[in-house]
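Lettering follows sequence order; numbering is per chain, from 1.
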Protein chains: 2
Amino acid sequence: MQKEHNLSKNQKIIFDLIDKSRGPMKAYSILFNVQKKGIKAPLQVYRALDKLVEIGKIHKIESRNAFIACQNSNCQVSKATAFSICESCENVSEISNSKLSKYLSNFSDSSGMKYSKYNLEFFGLCKKCKSK
Amino acid sequence: MQKEHNLSKNQKIIFDLIDKSRGPMKAYSILFNVQKKGIKAPLQVYRALDKLVEIGKIHKIESRNAFIACQNSNCQVSKATAFSICESCENVSEISNSKLSKYLSNFSDSSGMKYSKYNLEFFGLCKKCKSK
DNA sequence: CTTATAAATGTTATATTATTACATACTGTT
DNA sequence: AACAGTATGTAATAATATAACATTTATAAG
């Protein structure tokens with residue numbers, strides 16, 4: 001049961017763009033693409049991105065400074081994320097594997113720290129690129 | 001048996017600084033700190049950082065755009081890294097847990113992609129910050 | 001030793017990513 | 001209507017990172 005977040009005008013414009021995109025999008029590429037819709041400044045983009053990340057509609061791919069729509073319908077908040085990234089074609093996909101997420105969500109080490117969030121990025125070559 | 005990498009002058013200056021630092025250091029803070037040693041330009045710093053990352057002497061904390069010395073003596077290359085990050089004091093430490101690294105190194109999902117590298121960042125409150 | 005090659009350095013300029021600061025407007029309560 | 005919280009608009013600037021080009025140093029092969 002997903003809480004309905006009524007996206008604001010800018011949030012909706014930016015989410016729709018990212019959601020339609022094939023891969024992760026960078027902030028200034030988003031900006032360029034939404035200028036015709038009246039969004040003129042980087043800050044307008046970053047504010048929408050911040051909110052969309054906060055509510056889990058998109059995730060940030062930290063190693064790429066790029067944003068991707070959540071591909072995991074029951075992922076309400078970005079607190080347990082895993083991605084596979086092709087180092088050749090830069091294709092990114094979200095991994096939803098319940099064993100992995102269980103394992104990592106319950107992970108604790110000797111430091112006595114309780115983790116509330118994690119982000120995991122796997123790198124390699126995707127099927128297509130491997131066979132080239 | 002660790003391959004001896006003879007660091008160059010700039011690499012050594014920058015590695016020593018990061019290694020002595022308590023926590024992760026940002027590129028421009030490194031630059032500021034090594035200017036008295038004759039390193040004047042961002043690119044000189046980034047080139048040394050790139051090399052040090054490549055040979056595994058330091059790691060990049062992607063979510064923070066910062067660099068930390070490898071705390072794991074047998075980690076020759078940055079191909080399997082995990083960190084715990086306190087969201088309050090920003091303390092970062094490298095996790096070396098053989099079960100975790102085995103689990104992740106052997107992980108494969110349905111996409112048919114074979115991973116050659118991963119980076120995992122856990123977030124939470126460290127012991128000190130939790131008790132405040 | 002010298003020639004070739006790769007790696008590292010120095011320098012300037014510029015590209016890319018992200019935030020500060022401040023003013024205004026919209027949305028949903030009580 | 002008054003308030004609080006959220007969102008927007010705009011300009012300026014900070015922070016992070018790379019491109020391009022010239023030169024020098026280190027390493028290895030002949």
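Atom pair B:Asp50:CG and C:dA6:P shows a separation of 19 Å (rounding to whole Å applied). Atom CD1 in B:Ile14 sits about 11 Å away from atom C1' in C:dT9, given to the nearest Å. With rounding to whole Å, B:Ile13 atom CD1 is found 14 Å from C:dA8 atom P. One atom, CG of A:Leu49, and another, C1' of D:dT8, lie 15 Å apart when rounded to the nearest Å. As rounded to whole Å, 16 Å separates atom C1' of C:dT17 from atom CZ of B:Arg64. Atom CZ of A:Arg47 and atom P of C:dA21 are 14 Å apart (whole Å).
Listed nucleotides C:dA8, C:dT17, C:dT11 differ in distance to B:Gln11; the shortest reach to its side chain belongs to C:dA8. Set against D:dT10, C:dA18, C:dT9, the side chain of A:Lys60 has C:dA18 as its closest nucleotide. Side-chain proximity of B:Lys9 to the nucleotides C:dC22, C:dA8, C:dG10 is greatest for C:dG10.
Looking at B:Arg64 and B:Glu121, no side-chain N of the basic residue comes within less than 4.0 Å of a carboxylate O on the acidic one, giving no salt bridge.
As judged by a 4.0 angstrom heavy-atom cut-off over every strand, A:Lys12 is placed among residues making no nucleic acid contact.
Within the structure, every side-chain polar atom (N or O) of B:Lys51 is placed at least 4.0 Å from both OP1 and OP2 of C:dA7. For the OP1/OP2 pair of D:dT8 and a distance below 4.0 Å, the side-chain nitrogens and oxygens of A:Ser8 include at least one atom meeting the criterion. When the side-chain nitrogen and oxygen atoms of B:Asn65 are compared with OP1 and OP2 of D:dA17, one or more of them lie within a distance under 4.0 Å. Regarding contacts with the backbone of C:dG28, every side-chain N or O of A:Asn6 stays at 4.0 angstrom or more from both OP1 and OP2.
Contact between A:Leu125 and A:Cys86 at its shortest, heavy atoms only, is CA-SG, 4.0 Å. The heavy-atom pair separating B:Cys70 from B:His59 by the smallest distance is SG-NE2, 3.3 Å.
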For A:Phe107 and B:Asn97, what are the C-alpha separation, side-chain angles and deciding distance, and is it a side chain to side chain contact (heavy atoms under 4.5 Å, CB included)? CA-CA 10 Å; A:Phe107 181 82; B:Asn97 179 299; 3.7 Å; yes
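Taking OG1 from A:Thr81 and CD1 from A:Ile68, the interatomic distance works out to 11.0 Å, rounded to the nearest 0.5 Å.
Where B:Phe67 and A:Ala48 each meet DNA chain D at their nearest nucleotide, the meeting point lying more 5' is that of A:Ala48.
Using the six-membered ring where Trp is involved, B:Tyr115 and A:Phe122 have ring planes that are parallel, under 30° apart on the 30 and 60° scheme.
For residues 19-46 of chain A, proximity to DNA chain D is found at A:Lys40, A:Ala41, A:Leu43, A:Gln44, defined as any non-hydrogen atom under 4.0 angstrom from a strand atom.
Under the 3.5 Å distance criterion, the side-chain polar atoms of B:Ser29 are left unmatched by any main-chain donor or acceptor of B:Met25.
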